[in-house]
Amino acid sequence: MEWSNYILLGFIGGGIFFACAAWALHWAVKDGQFNNLDAASTTIFDDEEPEGIMTDAFPDMKRKQKEPPRQ
Amino acid sequence: MNNLPFLFCGIFLTLALSWVGLILVPDLFQIGQLDRTTSELIRPDTEEPIPGLTYRDDDGNLQYGVPNPDEELFPRFFGGKARRGKEHYVSMGCLYCHSQQVRRRGFGADYDRGWGDRQSVARDYILQERVMLGTSRTGPDLKDIGSRMPDESWHHLHLYNPQITSEGSNMPPYPFLYETRPIPDDGPSPDALSLPAEFAVDEGYEVVPTRRARELVAYLLELRLDYDLPEVRRAEN
Amino acid sequence: MKEAAASFYQSINPKASTDIAERAKLSEIDASMKWPGLLFIVSGVLWLMAGTILAIIASIKMTNPDFLSAWEWMTFGRVRTAHLNAMAFGWGSNAVFAVGLWIMARLCRARIRHVGILFIAGCFWNIAVTVGVIGILRGDMLHAEWLEMPTYITPLIALSYGMIGIWGIIAFRFRQTDYIYVSQWYILAALFWLPWLYTIAQVLMFFEPSRGTVQSLTNWWFAHNVLGLWFTPIAVAAAYYFIPKVLGVPIHSYYLSVIGFWSLALFYNWAGVHHLIGGPIPAWLISAGIVASVMMVIPVVVTAINHHMTVVGHFKKVWMSPTLRFVVFGAVNYTLVSLLGSAMALRSVNEVTHFTHFTVGHAHHGMYAFFTMLMFGSIYYIMPRLLHREWPSATLIRVHFWTCAIGVLIMIVALHVGGWIQGLQMNDAGNYPDFIDIVRNTIPWLHARSISGFLITIGHIAFAINFFWMTWLELGRRDPEGRPTLFISPEDAR
């Protein structure tokens with residue numbers, strides 16, 4: 001095969017790939033895959049390790065020492 | 001992004017895509033198609049030699065040349081001794097300091113350093129069951145070492161202790177590939193290393209290469225880029 | 001036993017309902033992950049120490065080739081390779097299992113099932129790596145970089161990995177959350193990518209070797225992807241988990257993390273070919289590799305914005321937390337190492353850096369300053385929660401951080417500068433016709449590398465003392481008046 005054929009092949013392959021990617025993205029957006037994304041970002045917190053609370057620190061750098069959190 | 005099949009298809013496709021592109025396509029269509037060939041190809045109809053891989057026939061169509069049946073095919077097969085030597089090359093880890101590839105003239109200084117008279121191409125490696133292009137040049141490239149350094153005893157001295165031949169080298173010595181033994185009654189062995197005074201062993205002893213050392217050196221001597229291929233010629237490089 | 005088998009069957013039976021799973025508290029999940037987590041971390045730390053010793057030996061050999069040269073199994077090629085495999089498959093992968101699976105378990109929020117599988121898999125994995133590393137020292141090593149462990153351990157690795165995979169799928173299947181968090185994407189992807197990479201590479205390199213330089217392509221497809229699609233995603237997942245977790249604030253932008261994930265998945269795959277620039281492979285492949293390497297700027301910058309913007313405004317807290325010190329150090333270095341890596345793939349830069357110690361420096365930048373530091377940080381967070389015990393000494397943690405951070409920075413600078421000079425001289429055959437002169441000029445930089453290695457070793461010893469003190473001597477039990485303690489009660493840090 002001549003090199004021009006490779007380029008043609010590359011273009012066709014690239015085109016198919018790009019079309020697939022565009023379709024997948026379109027589907028994903030329509031399906032709501034990207035809706036409400038930010039809600040997921042708080043799933044790492046719960047009442048044991050709540051949002052707004054730092055959960056790890058050097059002892060001498062802590063501001064004050066209270067009840068130990070866990071037995 | 002909370003749909004598992006969606007996530008999974010994407011994860012699978014990205015990897016599959018690179019595998020097809022980087023490995024399958026070259027294997028099926030390019031490197032995998034290469035065979036041994038003669039230095040020059042000929043036209044099958046007129047048997048005239050042609051430059052390069054292809055020619056235009058009388059109708060102006062592009063055609064592939066064929067190997068000349070009367071000439072030697074390249075790359076050559078390694079001899080059995082060299083093949084065993086290659087195993088030692090792997091197991092001693094030579095590959096972590098030495099590459100086996102000559103880059104084209106003008107890209108790096110491989111050519112100016114005399115590491116090869118032409119660049120190495122994919123066809124040079126097709127017979128090798130273990131390809132070691134290498135990624136480090138703590139030491140020089142070895143693709144053409146057999147042409148550059150054809151002297152067996154130099155290699156033995158160098159491997160026994162690189163300081164003998166190349167003071168200041170950080171290549172490790174391989175004394176365990178050599179045997180220090182009493183000189184036999186009928187005189188020193190013919191293959192005993194001729195060590196300079198400062199590296200000499202005790203009086204009455206000699207250092208001889210073991211089988212592994214001889215195989216390793218046989219391998220090094222067969223690493224040669226001394227033939228042309230239709231896609232690269234030494235003169236034109 | 002029978003009961004366990006029955007419940008295992010229920011877990012893998014696709015028809016079984018997943019309603020039986022219960023939502024669990026974080027502390028309950030931590031408690032059930034205790035034994036497999038400990039197994040992976042303890043073996044990881046032991047491998048880290050073994051790998052460190054091998055590293056020091058190899059580093060000294062580079063400047064003093066006569067050091068320990070009489071023994072065949074101690075020759076440079078083998079010690080260096082044993083070091084790499086001990087670190088990658090011993091320390092690195094055990095850390096990946098511990099940190100990745102622990103985060104995964106916590107994010108799935110379900111009661112953990114069948115930890116026994118993980119425990120057995122962990123034993124198999126470590127037996128396999130031990131046999132593999134000894135095999136390398138014996139001289140059974142193979143010819144492909146990053147895949148040197150002899151083929152007789154392949155089945156055991158595969159078996160062990162398969163068990164871990166099954167566990168991961170079960171854990172994921174019974175998850176009790178509606179959302180899949182960023183870290184989970186990365187962990188899931190990594191758990192899936194590694195077995196494919198490994199299987200294909202093993203087959204095409206050793207069992208059915210492919211033709212000619214296709215092997216080199218396969219080799220670098222694997223070797224680069226094992227960094228990019230195995231160690232990197234887990235470390236990025238850890239950064240995505242620990243930075244918001246410790247600070248107590250959600251990640252800067254969730255949208256960016258989606259872009260970051262998919263662009264990494266798409267481009268990193270192709271980048272490995274840049275190790276073959278100038279080599280005897282088709283030119284279009286090299287171009288594809290270069291393009292992909294440069295495109296890696298996208299996921300890197302996006303992830304960097306996300307990580308660093310979360311931290312902005314909280315620098316004091318980062319300093320207060322042992323975990324975050326390491327994690328943020330790692331995240332910053334992820335940005336740096338990746339941008340440098342993209343630059344190194346450019347032809348003109350590559351012409352200088354290829355084949356030199358620069359590449360070695362780059363590898364340590366990635367595997368150490370980024371990956372390993374992130375794993376240290378994660379372990380500082382995980383261990384107290386697994387054991388319900390404190391780290392015995394805060395001083396040792398500080399020693400660990402400073403020696404390792406300074407050590408690895410010295411190493412990176414020495415190898416980058418030394419390697420760059422080496423590359424320039426190697427390309428200048430006119431002024432440096434004798435190769436041996438170039439070799440001699442690298443020696444001072446290699447000495448600097450050994451010095452940095454000693455610093456790092458001190459850090460690792462401090463870490464190991466603290467770690468085993470905590471684990472086995474039980475001296476680390478929490479004292480309510482508690483001096484060295486890393487837990488902080490919720491009200492403390494408002």
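Heavy-atom basis, side chains included; hydrogens, waters and symmetry copies ignored. On a predicted model such as this, the values are computed, not experimentally measured, just so you know. Letters go in sequence order (proteins before strands), and every chain restarts at 1.
Residues B:Ser91 and C:Asp140 are not in side-chain contact: their nearest non-hydrogen atoms beyond the backbone lie 4.5 Å or more apart. Taking the side chain as every heavy atom from C-beta outward, B:Asp112 and C:Asn427 never approach each other to under 4.5 Å. The side-chain heavy atoms of B:Asp124 and C:Thr213, taken from C-beta on, include no pair separated by under 4.5 Å. For the pair B:Arg130 and C:Pro209, the minimum side-chain heavy-atom distance is below 4.5 Å.
Between C:Trp73 and B:Phe176, the distance separating the two ring centers is not shorter than 6.0 angstrom. Aromatic pair B:Phe8/C:Phe192: ring centres closer than 6.0 Å.
Listed by chain and residue number, B:Thr138 satisfy the side-chain hydrogen bond (donor to acceptor under 3.5 Å, both in side chains) test with B:Ser136 (two or more places apart in sequence, or in another chain). Residues satisfying the side-chain hydrogen bond (donor to acceptor under 3.5 Å, both in side chains) criterion with B:Arg224, sequence neighbours excluded, are B:Asp226.
For B:Ser120, the parts lying under 4.5 angstrom from a heavy atom of chain C are both the backbone and the side chain. If you measure heavy-atom distances from B:Leu22 to chain C, the contacts under 4.5 Å come from both the backbone and the side chain. With a 4.5 angstrom heavy-atom cutoff, B:Leu17 touches chain C via backbone and side-chain atoms both. At a 4.5 Å heavy-atom cutoff, B:Glu87 makes no contact with chain C through either its backbone or its side chain. For a residue to count as touching a neighbouring chain, one of its non-hydrogen atoms must lie under 4.5 Å from one of that chain's; by this rule C:Tyr432 touches chain B with backbone and side chain alike. With a threshold of 4.5 angstrom between heavy atoms, B:Gln128 approaches chain C through N, CA, C or O but not through any side-chain atom. Only the side chain of C:Glu148 has a heavy atom closer than 4.5 Å to any heavy atom of chain B.
Under the 3.5 Å distance criterion, the side-chain polar atoms of C:Glu351 are left unmatched by any main-chain donor or acceptor of B:Phe107. Side-chain atoms of B:Asn170 come within 3.5 Å of backbone atoms of C:Met62 as a donor-acceptor pair (strictly under, hydrogens ignored). A donor-acceptor pair under 3.5 Å is formed between the side chain of B:Arg113 and the backbone N or O of C:Met426. The backbone N or O of B:Ile11 lies less than 3.5 Å from a partner atom in the side chain of C:Trp193, making a donor-acceptor pair.
Among residue pairs with one or both ends in residues 207-222 of chain C, those qualifying as salt bridge (Lys or Arg N to Asp or Glu O under 4.0 Å) are B:Asp35-C:Arg211; sequence neighbours excluded.
Along residues 213-221 of chain B, no residue comes nearer than 4.5 angstrom to chain C, judged on non-hydrogen atoms.
Of the listed residues C:Ala144, C:Gly212, C:Ala70, the one with more heavy-atom pairs under 4.5 angstrom with chain B than any other is C:Gly212. Ranked by heavy-atom pairs shorter than 4.5 Å toward chain B, the options C:Gly430, C:Gly77, C:Gly423, C:Pro433 are led by C:Gly77.
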